[in-house]
Structure formats: C-alpha cells, structure tokens
Amino acid sequence: LPTMKPVDPRAIYEEQDVFGFVNGGAPLMPKRNSGSQGYTFQPDDPREQIVIYEDFQAGPNQEVVFENQIVWVRPDQRKDIQAYGKLTIRDSLLLWDQTEHQQTRLRIKNGGELNIKDSYSFANNQYWVNWDFESRAKVHFDNFVGDPWTSAAGALEYTALNYSTVKMTFPREMRDATVRVTAAHHVWFEIFPPAGRHQVTFPVKRQWVDWGMDIWPNTTVDVSDSYLYERDASISDDTHIIVFDTPSGFSLGWAIGRNDSGSAGCVLSGLGDPENDSGVFYEEKVWDLPCNNSSLTVRDSVLQRAWPVTWGQVKLVLRDSNLVDPRVFQGPATMEIYDSTIDHIAAYQEGRVYLENSQVRYDIEVKDAESMIYGYQVSKRDEGREIEIKELDGGAYTALESPGPPW
C-alpha cells in the first residue's frame, strides 16, 4: 500500500482564502455568516456575551480584561474606542457590528497597551474594521487571529507570535520603533517610506520567509519564519520610489494632499489593468506627479492595484486603472475616474468625485454635507452583487444622464 504523506499543519494558512481555516472547526472558533457578510459565534459557544459601544475606554493607569467572553462592538455614532491604560483580551471573540466602514476604531493611545492571547476579532458584517496604535503604545499578539487593518505611528513597540495575524500600515513618520513578528500565519505590510528617494525589492509573497526592513530612523522591523501574504508600497509628497525585481507583484497607495492656497492638478493613468486584478508586468514604467513632488518607477515588476487618496487643494484625474478604495478625504479636493474598476469609492468633508464608464464592486460612500459623488455609466463589477449606495450625514450620490463632471 502507498504511504500517505502527512499534511503540514501550515498548509491551512496557505489557501487563497486568507481566513478559510476560520470555519467553526474548533469549539470556540467563529464561523463565516454569509447572511451578514461577516463572521459570528457558534450557537453552542457557552461564553458570556457582552456589548460595548464607541464611548468605551480603558482609562489611564487602568487595566480592562476581557476573558472567556464574546464581546460585541456596536457603535451608535462615529467615534473611537480608546485605551489609555492596558487592555487585555484572553480566550475571547470580538465581533464588530458597525453600520459604516471604519466607524469605530480601536485606538491604543500614547502610553497605552494592548495584549491579546488565544483570541479572535472579526467584522460581523461587510464594513471594514481599523485599529490604530499611537506612538509609544505597546502591542503584543500571541495566537491572535482577526481581520482588522492596523496602523502604526512613531515609536511603537509591537510583537506578534504563535500564528497571529499581522496586517499593518507603517507611516512615513515611523521612528524609534521595534516591530518583531515570529511564526505569523499572515503578514501584510503597507509601507510609506519617508520623504526622499528609495529603492525597494520585495521578497516573493505567499511563502514562509525571514525578512527585515531598514527604512525609518532608528527602527527595527524583523519578520521571521512567517507567511508573507502581501507587501505594498505607498507614496506621499516629496517621496520617490523605485520598485524593482518584484515579479510576484505589489500594490500601491498614493496620498496626494495640499493645504496651501494654490491648486494642484494631477493625472495618473494605467495603475494596473482594469480587467485583471493580477496586474501588469513592466520592464520600465514611470508615474510622475509634480503636483506633490512624488513619483513611482517600476522595473521588471508587476503592479497589481492602487488606492490613491486626496485632500485639500488637489484635482486628481485617474484613467484606465484597477483601484481598491480611492477616496477624497476633504474638499475642495476633486477626483475624476475614467474607464476603471473600483472596489469602494468614498468622499468626505465636502469632497467631490466624478465616475465615468467605470465598474464598482462593493459600494459608493458619500459622507458629510456638501460631499458629492457623480456617476455616468457606472455599473456593477461582479454579477450577483449590487452596488450599495451609502449616503450619510448629508452626502449625496447622483447618477448623470450625460458625461462630464458638473463642476
């Protein structure tokens, strides 16, 4: 008889579906809930269920402990949960039940501490969850699995081990930080290099790797024996990046803001392929934005998708691109998007967006009075999934009968 080859336990983390192993297969593990488009607890989970709201805090010199509980986060308004002291979570499940994207962040304040062990945290529905770690916060994950996207700042002290989830943005202001990741089941970094010129070669993704970065002042980023899922580059003003010898692909964020009295016009085309999320291989391609003194050069690499964002005195035009979540964070900035595909598009604080001949996968979000999104020949990207229109706090979406931005 042939000998059966044993299955490496790590194989459960290497599937295309990042959290495919979170299927209720263990007694206290959550499971996917297709009805709510998120995750939920198992019916026979015996743990106590409690609800916290957006005004929850762990005060200075205070330790709040969630242990052996199911904790529902149900905000009534847009406001962040804050931890000034220590927040400890053990053997628990956090379920985020928001009514809009990023409605209530978990914010670990300067001097605060977050410790999570043997626990899960997932969105209960389709709305994205974000956690922010301020400078001089301390974060420690030990066998933590969850879908929140996290952001670092300044002098963060961060460790993750024992098959934890690591999804994090490193801003250009990072300094005096220590980030150590060991045996993580999922590592996804978005890196904003500081102002200046940088050359980056990303290691091959979807492999167990050792990797380190030396980009920010007096900062250590050390990844060992961990599954590298994605690693993205992002650009802001006065930053010029060359990505080379990365044929396995990367995606790109581009932050374009201007707060002076002048007005800046910017144009970007061909960020990825609107018909193919896997991206485009470029032997040599340059995107240059004089409007904020930034550029991207791609050499012998694949550019997959992009997420440009704007604010202030910026007029951005995007053409023929594959976009994740372009946003206008604050007016009077405007964004025009032509002949592209988009997952999620948003305008806030009097921002304005015009879409033409483009497809949207998930939703169109317009928030705050005087915020506007206009669409001409906008269609759904996926069969069987309708575009959700979210008009919040006075924001409005208008479908146009003729082309051209109405400003």
Side-chain angles (χ1 to χ4, degrees), residues 36-38 51-57 72-82 95-107 109 123-132 134 147-151 169 253 255-259 263 307-316 318 323-337 342-356 358 360-376 378 380-381 385-400 405-407:
S36 69
Q37 302 181 54
V51 179
I52 63 174
Y53 303 93
E54 73 282 356
D55 56 357
F56 172 86
Q57 290 189 3
W72 289 90
V73 181
R74 287 201 174 116
D76 292 320
Q77 58 181 317
R78 196 175 187 92
K79 183 180 178 183
D80 292 341
I81 289 171
Q82 300 183 86
L95 292 170
W96 296 74
D97 190 15
Q98 303 176 116
T99 59
E100 57 185 272
H101 292 300
Q102 302 159 327
Q103 184 179 17
T104 293
R105 296 169 181 252
L106 172 60
R107 186 176 297 275
K109 303 293 288 184
N124 177 247
N125 52 33
Q126 72 269 37
Y127 300 119
W128 300 340
V129 179
N130 286 63
W131 294 357
D132 289 340
E134 294 188 358
D147 62 2
W149 187 271
T150 68
S151 297
T169 295
I256 309 165
R258 185 166 176 170
N259 295 318
S263 180
W307 47 93
V309 298
T310 66
W311 64 91
Q313 302 288 338
V314 172
K315 300 176 181 178
L316 176 63
L318 294 157
L323 305 173
V324 181
D325 58 338
R327 307 181 190 204
V328 177
F329 281 117
Q330 184 180 25
T334 64
M335 182 183 292
E336 301 172 34
I337 301 177
I342 306 161
D343 281 4
H344 160 80
I345 179 76
Y348 311 109
Q349 299 186 61
E350 302 183 16
R352 291 175 294 169
V353 175
Y354 171 71
L355 308 174
E356 181 176 313
S358 293
V360 176
R361 174 170 281 153
Y362 298 124
D363 53 62
I364 296 171
E365 180 184 12
V366 203
K367 182 176 173 62
D368 306 316
E370 307 301 323
S371 297
M372 298 291 299
I373 295 182
Y374 302 91
Y376 174 71
V378 173
K380 62 185 180 182
R381 185 169 185 189
R385 184 194 298 271
E386 299 300 323
I387 301 171
E388 182 181 7
I389 308 295
K390 295 188 68 63
E391 298 171 306
L392 305 165
D393 301 334
Y397 172 74
T398 301
L400 302 176
W407 57 75

What heavy-atom pair brings P326 and V324 nearest, and what distance separates the two atoms? CD-C, 3.7 Å

Spacing of D80 atom CG and K109 atom NZ [to the nearest 0.5 Å]: 8.0 Å

Do Y348 and W311 come close enough that some side-chain heavy atom pair is under 4.5 Å? no

Using side-chain contact (heavy atoms from CB on, under 4.5 Å), reason through T169 and W149 one step at a time and then give a plain yes or no. CA-CA 8 Å; T169 295; W149 187 271; 2.8 Å; yes

Side-chain donor-acceptor pair present, D363, H101, cut-off under 3.5 Å: yes

Between W128 and H344, what is the ring plane arrangement, given parallel below 30°, perpendicular above 60°, and tilted in between? perpendicular

Supply the atom-to-atom distance R361 CZ to I342 CD1, rounded to the nearest 0.5 angstrom. 11.5 Å

With a 4.5 Å cut-off on side-chain heavy atoms, are W96 and L106 touching? yes

Residue that, paired with V328, satisfies side chain to side chain contact (heavy atoms under 4.5 Å, CB included) out of R352, M335, M372: M335

If we ignore hydrogens and angles and just use 3.5 Å, is the side chain of R258 paired with the main-chain N or O of T310 as donor and acceptor? no

Residue pair V73 / I81: nearest heavy atoms and the distance that separates them: CG1-CD1, 3.8 Å

Grab the two heavy atoms, one from V360 and one from L355, that are nearest each other, plus how far apart they are. CG2-CD1, 4.5 Å

Could you check whether any side-chain heavy atom of L316 comes within less than 4.5 Å of a side-chain heavy atom of P308, counting everything from C-beta outward? yes

Which heavy atom of D368 sits nearest a heavy atom of Q349, and at what distance? OD2-N, 2.9 Å

Show the nearest heavy-atom pair for residues E350 and S371, with the distance to one decimal. N-OG, 2.9 Å

Give the C-alpha distance, both sets of side-chain angles, the deciding distance and a yes or no for side-chain contact (heavy atoms from CB on, under 4.5 Å) between E365 and I373. CA-CA 8 Å; E365 180 184 12; I373 295 182; over 6 Å; no

Side-chain donor-acceptor contacts of residues 388-396 below 3.5 Å, not counting sequence neighbours, with atom names and distances?
unit_1	atom_1	unit_2	atom_2	d
E388	OE1	Q126	NE2	3.4
E388	OE2	Y127	OH	3.0
K390	NZ	T99	O	3.1
K390	NZ	Y127	OH	3.1
E391	OE2	Y397	N	2.8
D393	OD2	K367	NZ	2.5

If you round to the nearest 0.5 Å, how far is CD of E356 from CD1 of I337? 11.5 Å

Side-chain donor/acceptor of D147 to backbone N/O of A123, under 3.5 Å: yes

Do any N or O atoms from the side chain of Q103 and from the backbone of Q98 form a donor-acceptor pair under 3.5 angstrom? no

When rounded to the nearest 0.5 angstrom, what is the spacing between CD in Q330 and CD in Q313? 10.0 Å

Just by distance, do the side chain of E54 and the backbone of D76 share a donor-acceptor pair under 3.5 Å? yes

Nearest atoms (heavy-atom pairs only) where P406 meets L400: CD-CD1, 4.2 Å

How many angstroms lie between OG1 in T150 and CG in D132, if you round to the nearest 0.5 Å? 8.5 Å

Residues at least two apart in sequence or cross-chain that pass side chain to side chain contact (heavy atoms under 4.5 Å, CB included) with D97, listed by chain then number, are W72, R74, N124, N125

Can you measure from OH (Y362) to CZ (R385) and round to the nearest 0.5 angstrom? 5.0 Å

K315 atom NZ, over 12 foreign heavy atoms within 6.0 Å: no

